[in-house]
Amino acid sequence: MGYVVGTVWFAFLAASGDERPTWLRIGYAVTAAVFAGGAVATSVIGLRKRSGRAAKAADEPAT
């Protein structure tokens with residue numbers, strides 16, 4: 001959840017405020033992209049773990 005909040009916040013900072021220097025807005029955009037990558041990676045890892053547990057449960061005989 002923190003990755004999503006970070007992505008939204010830094011994307012907002014990058015898009016708003018023309019008074020900020022360009023280098024700072026680029027830095028905010030890069031930071032937002034890093035947070036978005038973290039969110040995607042965390043989601044993929046979670047889904048792989050979940051699907052791995054489901055596959056193991058299907059292979060085990062019912063008792």
Q: Which heavy atom in A14 sits nearest to a heavy atom in A29, and how many Å separate them?
A: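 For A14 versus A29, the nearest heavy atoms are CB-N, 3.7 Å.
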Q: About how many Å separate OG1 of T31 and CD1 of I26, when rounded to the nearest 0.5 Å?
A: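 Separation between the atoms: 11.5 Å.
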Q: Is there a chain of hydrophobic side chains (I, L, V, M, F, W, Y, each step under 4.5 Å between heavy atoms) that links V5 to F12?
A: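 In one cluster: no.
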Q: V40: which other cluster members, linking ILVMFWY side chains closer than 4.5 Å, directly or transitively?
A: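 Joined to V40, directly or through intermediates: V44.
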Q: For R20, what residues pass the side-chain contact (heavy atoms from CB on, under 4.5 Å) criterion, not counting sequence neighbours?
A: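 For R20 the side-chain contact (heavy atoms from CB on, under 4.5 Å) partners, ignoring immediate neighbours, are L13, S16, L24, R25, Y28.
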Q: Applying ring pair (Phe, Tyr, Trp, His ring centres under 6.0 Å), name anything that partners F35, two or more places apart in sequence or on another chain.
A: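 Ring pair (Phe, Tyr, Trp, His ring centres under 6.0 Å) list for F35, sorted by chain: F10.
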